[in-house]
J.: 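The structure under discussion is supplied below as structure tokens; questions concerning it will follow.
Counting begins at 1 with the first residue of the sequence. Not measured: the values here are computed from a predicted model.
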Amino acid sequence: MINFVVPSLGRKTLKNTLQSLIDQTNPNWKCWVGFDGLSIKEIDSDILIDDERINYIEIKPKLGIAGHHGNAGKVRNYIIDQIDNDYEWIGFVDDDDSIRPYYIDSLIKEIEENTFDCCVFRMKLNENIIPPMHFKNQIIQNFVGISFCVKKEFIDKNNIKFINYNAEDFNYLEQINNSSGEIIISDSITYDVNI
């Protein structure tokens with residue numbers, strides 16, 4: 001069904017992120033955590049969850065996500081290139097955020113009701129919902145986050161890549177749109193930004 005891509009610096013918040021995947025009501029997922037410039041031995045073992053669906057990748061040399069907003073995209077691109085299973089979708093979660101237990105079920109519901117290449121879910125940031133609920137199918141910079149999933153086939157066919165840029169999430173969605181990709185915005189709030 002879906003591969004979740006998680007760029008990580010080995011922060012303690014990763015455990016909560018991974019637990020949000022374990023808590024999915026639908027177990028049909030895999031997760032790829034890319035440690036930027038770190039070996040598994042350098043990661044606090046208390047934040048790692050032992051589950052056959054979770055794959056940990058050591059990325060060396062460091063691709064550079066520390067301290068530079070917009071550089072997690074390099075790690076995401078690297079991880080996507082490593083995924084070789086038949087799961088149709090790629091979803092994204094940051095290592096200090098979490099997804100709600102019904103994320104995959106919400107994706108399945110959207111698939112049953114719509115045809116699309118990318119589904120943008122709404123995210124909760126403090127008391128704000130991004131994109132706001134009155135945005136039906138508007139992708140606007142600063143009003144969208146990483147809370148989306150894309151067909152892997154579409155990514156591969158159109159060579160869609162994250163570009164190091166302050167609004168890398170928005171830029172990625174622009175690339176999808178410019179490649180004639182069908183993007184929908186779900187009403188479901190499935191992603192929590194944990195500040």
Side-chain angles (χ1 to χ4, degrees), residues 1-7 16-17 20-21 23-26 28-32 69-73 75-77 79-80 83 87-195:
M1 178 72 204
I2 187 167
N3 288 289
F4 288 104
V5 171
V6 182
N16 185 53
T17 302
S20 74
L21 297 175
D23 293 343
Q24 288 299 297
T25 53
N26 185 317
N28 198 5
W29 57 267
K30 291 197 181 293
C31 174
W32 305 83
H69 184 69
N71 285 346
V75 176
R76 291 187 189 111
N77 291 336
I79 295 170
I80 291 168
I83 297 172
Y87 281 35
E88 183 179 9
W89 294 91
I90 303 282
F92 304 98
V93 189
D94 286 342
D95 75 347
D96 56 348
D97 296 336
S98 59
I99 58 174
R100 297 189 180 184
Y102 50 82
Y103 182 107
I104 297 172
D105 291 329
S106 296
L107 176 60
I108 291 170
K109 180 177 180 275
E110 294 296 346
I111 291 168
E112 290 171 350
E113 296 175 1
N114 301 289
T115 302
F116 54 90
D117 301 299
C118 175
C119 180
V120 177
F121 289 111
R122 298 185 196 269
M123 59 194 320
K124 186 155 188 196
L125 172 62
N126 297 320
E127 296 306 312
N128 299 315
I129 303 300
I130 309 279
M133 293 306 276
H134 63 278
F135 284 27
K136 288 304 173 193
N137 275 321
Q138 298 169 293
I139 305 295
I140 299 173
Q141 188 170 341
N142 300 324
F143 288 97
V144 69
I146 196 65
S147 59
F148 55 85
C149 57
V150 187
K151 283 184 179 174
K152 178 146 184 8
E153 178 182 45
F154 186 85
I155 294 171
D156 294 342
K157 177 182 172 191
N158 294 285
N159 197 30
I160 307 291
K161 299 282 186 194
F162 283 94
I163 297 170
N164 290 343
Y165 173 57
N166 239 4
E168 66 179 6
D169 310 338
F170 172 74
N171 178 272
Y172 198 83
L173 292 170
E174 267 193 324
Q175 289 179 65
I176 293 169
N177 188 51
N178 292 340
S179 299
S180 299
E182 200 63 41
I183 301 174
I184 66 163
I185 300 177
S186 173
D187 285 337
S188 297
I189 302 166
T190 63
Y191 193 103
D192 290 298
V193 178
N194 300 318
I195 298 177

J.: When rounded to the nearest 0.5 angstrom, what distance separates SG in C149 from CD1 in I90?
T.: 10.0 Å
J.: Check I185 against K136 and note the closest heavy-atom contact, atom names and distance.
T.: CB-O, 3.3 Å
J.: So, E174 versus N178: side-chain donor-acceptor pair below 3.5 Å or not?
T.: no
J.: Roughly how far, to the nearest 0.5 Å, is the SG atom of C118 from the CD1 atom of I176?
T.: 4.0 Å
J.: Which heavy-atom pair separates E168 from I163 by the least distance, and what is that distance?
T.: CB-O, 3.5 Å
J.: Which heavy atom of N159 sits nearest a heavy atom of Q175, and at what distance?
T.: O-OE1, 4.5 Å
J.: Flag the pair K152 and D156 as a salt bridge only when some basic side-chain nitrogen lies within less than 4.0 angstrom of an acidic carboxylate oxygen.
T.: yes
J.: Enter the distance from N3:CG to K30:NZ here, rounded to the nearest 0.5 Å.
T.: 8.0 Å
J.: So which heavy atom on R100 is nearest to which on I189, and how close?
T.: CD-O, 3.4 Å
J.: Between the side chains of T17 and D95, does any donor sit under 3.5 Å from an acceptor?
T.: no
J.: Yes or no on side-chain contact (heavy atoms from CB on, under 4.5 Å) for L107 and M1, after CA distance, side-chain angles and deciding distance?
T.: CA-CA 10 Å; L107 176 60; M1 178 72 204; 3.5 Å; yes
J.: Kindly compute the distance separating OG (S188) from CE (M123), expressed to the nearest 0.5 Å.
T.: 14.5 Å
J.: Say whether N194 and S98, considering side chains only, have a donor N or O and an acceptor N or O under 3.5 Å apart.
T.: yes
J.: Using a 3.5 Å distance criterion without hydrogens, assess whether the side chain of S186 forms a donor-acceptor pair with backbone atoms of V120.
T.: no
J.: Is there side-chain contact between Y172 and F148, with at least one heavy-atom pair below 4.5 Å?
T.: yes
J.: Go through the steps to decide whether I108 and Y102 satisfy the test side-chain contact (heavy atoms from CB on, under 4.5 Å), and finish with yes or no.
T.: CA-CA 10 Å; I108 291 170; Y102 50 82; over 6 Å; no
J.: Only one of I146, V193, V5 passes side chain to side chain contact (heavy atoms under 4.5 Å, CB included) with D94; say which it is.
T.: I146
J.: Over 60° means perpendicular and under 30° means parallel, so classify the ring planes of F92 and F162, tilted if in between.
T.: perpendicular
J.: Side-chain contact test, heavy atoms from C-beta onward, threshold under 4.5 Å: evaluate it for N142 versus F170 and give yes or no.
T.: no
J.: Considering all heavy atoms of both residues, which atom of Q24 and which atom of W29 are nearest to each other, and what is their separation?
T.: CB-NE1, 4.0 Å
J.: With heavy-atom distances below 4.5 Å as the criterion, would you say the side chains of W32 and I83 are in contact?
T.: yes
J.: Would you say that I183 contacts N137 through its side chain, given a criterion of any heavy-atom pair below 4.5 Å between the two side chains?
T.: no
J.: After noting the C-alpha distance and the side-chain angles of V150 and I160, does the key distance pass the side-chain contact (heavy atoms from CB on, under 4.5 Å) rule?
T.: CA-CA 10 Å; V150 187; I160 307 291; over 6 Å; no
J.: Please report the interatomic distance OH(Y191) to OG(S20), rounded to the nearest 0.5 Å.
T.: 9.0 Å
J.: Could you measure the distance from the CG atom of D117 to the CZ atom of F154? Nearest 0.5 Å is fine.
T.: 5.0 Å
J.: When R122 is tested against each of T190, D187, I130 for side chain to side chain contact (heavy atoms under 4.5 Å, CB included), which residue passes?
T.: D187
J.: Apply side-chain contact (heavy atoms from CB on, under 4.5 Å) to residues F121 and S106 and explain how you reach the verdict.
T.: CA-CA 9 Å; F121 289 111; S106 296; 3.8 Å; yes
J.: Identify the heavy atoms of C31 and L21 that sit nearest to each other, and give their distance.
T.: SG-CD1, 3.5 Å
J.: Less than 4.5 Å apart, any side-chain heavy atom of W89 and any of I155?
T.: no
J.: Above 12 or not: heavy atoms from other molecules or residues under 6.0 Å from CD of Q141?
T.: yes
J.: Quick one: do the Y103 and N26 side chains pair a donor with an acceptor below 3.5 Å?
T.: no
